[in-house]
Amino acid sequence: MPRPLTLHLAAPRGFCAGVDRAIKIVEMALEKWGAPVYVRHEIVHNRFVVDGLRDRGAVFVEELSDCPPDRPVVFSAHGVPKSVPAEAEARRMLFVDATCPLVSKVHIEAARHHENGLQMVMIGHEGHPETVGTMGQLPEGEVILVETAEDVAGIAPRDPGKLAFITQTTLSVDDTADVVAALKSRFPSIVGPHKEDICYATTNRQEAVKAMAPGIDALLVIGAPNSSNSQRLVEVGRKAGCGYAQLIQRASEIDWRALDGAASVGITAGASAPEVLVDEVIAAFRERYDVTERPVETAREDVEFKVPRILRETVS
Ligand code: SF4
């Protein structure tokens with residue numbers, strides 16, 4: 001007789017509106033122009049999604065220079081530096097920008113502050129494509145990157161009285177609040193968004209993990225190692241008191257021995273992880289345990305983003 005185990009299923013979890021839109025853009029581009037369609041950078045940070053699109057004719061490249069000029073290219077949901085569409089235009093390439101509208105909003109914010117003569121401080125992770133894309137909206141030196149509250153003490157802005165801050169959309173809500181507090185304490189006149197720029201999907205997924213953490217012995221976050229919002233969910237789980245919180249890409253990565261003795265396990269998925277992977281993990285638990293499912297719903301989402309007009313007009 002299998003041992004009983006309760007699976008707490010976070011809601012919301014998995015795909016956000018920006019990821020959904022980006023995948024749709026590649027699918028519609030393939031439908032409209034046929035294969036191959038080039039995609040600059042992983043369209044979203046999930047190998048399962050990327051492999052699925054590759055099978056249908058998408059070709060993933062790191063740089064625009066890796067794309068032939070006569071095939072369409074899609075820019076990823078994370079956003080791109082301004083130089084990328086500029087280069088595509090110079091090469092007369094057909095491109096579709098799948099940057100999430102919530103990332104574009106941060107780009108616009110940065111440009112507006114720059115026009116007002118403010119230097120930017122960006123709270124984000126060095127080297128993450130979204131950070132690279134957002135910093136690349138402004139000329140070199142106009143955006144200072146900080147990751148932690150400790151970093152704030154070490155920065156040397158041009159004029160400490162003329163500063164604004166922006167953030168990556170997929171950060172930890174609580175850690176970012178600490179960095180913002182450090183910025184406001186050192187630069188009292190710094191201008192920023194009402195809240196941070198952390199998006200609704202990141203915020204909601206973190207809230208659901210916080211709500212379930214006291215009632216679970218272990219947390220599994222389905223997501224990719226290079227997915228910022230998925231990594232943050234693991235950290236949020238640990239900080240909320242979950243002794244064992246692990247990132248897994250698929251059911252095959254579950255460390256069953258580490259779950260020995262656990263009576264309740266929480267499951268969530270990062271914004272770029274498809275629900276089919278959640279189903280796979282639940283099925284793996286069902287093979288080993290007498291599972292009771294318990295949804296933990298902290299919010300409902302109905303956000304949807306339109307795909308760019310060039311695709312809407314020609315594909316029914
Ligand atoms: S995580 Fe947020 S910002 Fe990123 S693609 Fe999804 S909705 Fe957009």
Side-chain angles (χ1 to χ4, degrees), residues 10-28 39-50 53 60 74-81 96-110 122-125 127-137 165-176 192-210 221-236 247 268-275 277-278 298-308:
R13 62 171 178 267
F15 274 9
C16 60
V19 162
D20 199 48
R21 173 179 179 267
I23 295 168
K24 246 185 235 159
I25 287 175
V26 179
E27 289 172 343
M28 290 173 84
V39 183
R40 185 187 176 278
H41 196 74
E42 284 189 336
I43 185 77
V44 300
H45 282 156
N46 190 279
R47 199 195 301 163
F48 183 86
V49 172
V50 167
L53 292 170
F60 292 88
V74 177
F75 302 149
S76 86
H78 308 98
V80 287
V96 188
D97 190 354
T99 301
C100 174
L102 299 181
V103 174
S104 300
K105 188 173 140 245
V106 182
H107 292 180
I108 292 164
E109 236 172 84
M122 175 164 190
I123 307 170
H125 297 291
H128 187 279
E130 183 185 330
T131 305
V132 172
T134 302
M135 292 180 75
Q137 299 304 304
F165 75 87
I166 47 173
T167 79
Q168 201 178 318
T169 57
T170 51
L171 301 178
S172 147
V173 173
D174 296 335
D175 292 351
T176 306
H194 285 307
K195 282 180 75 204
E196 346 60 23
D197 299 304
I198 298 172
C199 77
Y200 79 96
T202 300
T203 308
N204 288 347
R205 281 150 192 68
Q206 290 178 16
E207 282 305 316
V209 165
K210 280 190 212 168
V221 177
I222 302 164
N226 57 350
S227 159
S228 171
N229 80 88
S230 305
Q231 291 283 10
R232 303 295 81 75
L233 289 174
V234 175
E235 292 168 8
V236 166
L247 185 74
T268 188
S272 42
E275 187 65 12
L277 297 181
V278 176
T298 50
R300 286 197 178 174
E301 294 177 348
D302 56 4
V303 181
E304 251 183 80
F305 296 130
K306 280 187 189 162
V307 298

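Sequential numbering from 1 along the given sequence is applied to the chain's residues. Atoms within each ligand, like the ligands themselves, are counted from 1 in listed order.
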* **Heavy-atom nearest neighbour in the protein, as seen from atom 8 (Fe) of ligand 1, with distance rounded to 0.1 Å** => Cys100 SG, 2.3 Å
* Is Arg13 salt-bridged to Glu275, going by a charged N under 4.0 Å from an acidic O? -> yes
* **Protein contact to atom 6 (Fe) of ligand 1 [nearest heavy atom, distance to 0.1 Å]** => Cys16 SG, 2.2 Å
* To do: Answer with yes or no whether the side chains of Ser172 and Asp174 bring together a donor and an acceptor at under 3.5 Å.
  => no
* Asked: Ion pair present between Lys24 and Glu27, side-chain N to carboxylate O less than 4.0 angstrom?
  -> no
* To do: Give the residue, atom name and distance (to 0.1 Å) of the protein heavy atom nearest atom 2 (Fe) of ligand 1.
  => Cys199 SG, 2.3 Å
* So, Glu130 and Ser228: side-chain donor and acceptor under 3.5 Å apart, yes or no? -> no
* **Element-labelled atoms of ligand 1 that are located less than 4.0 Å from some non-hydrogen atom of Thr169** => 3 (S), 4 (Fe)
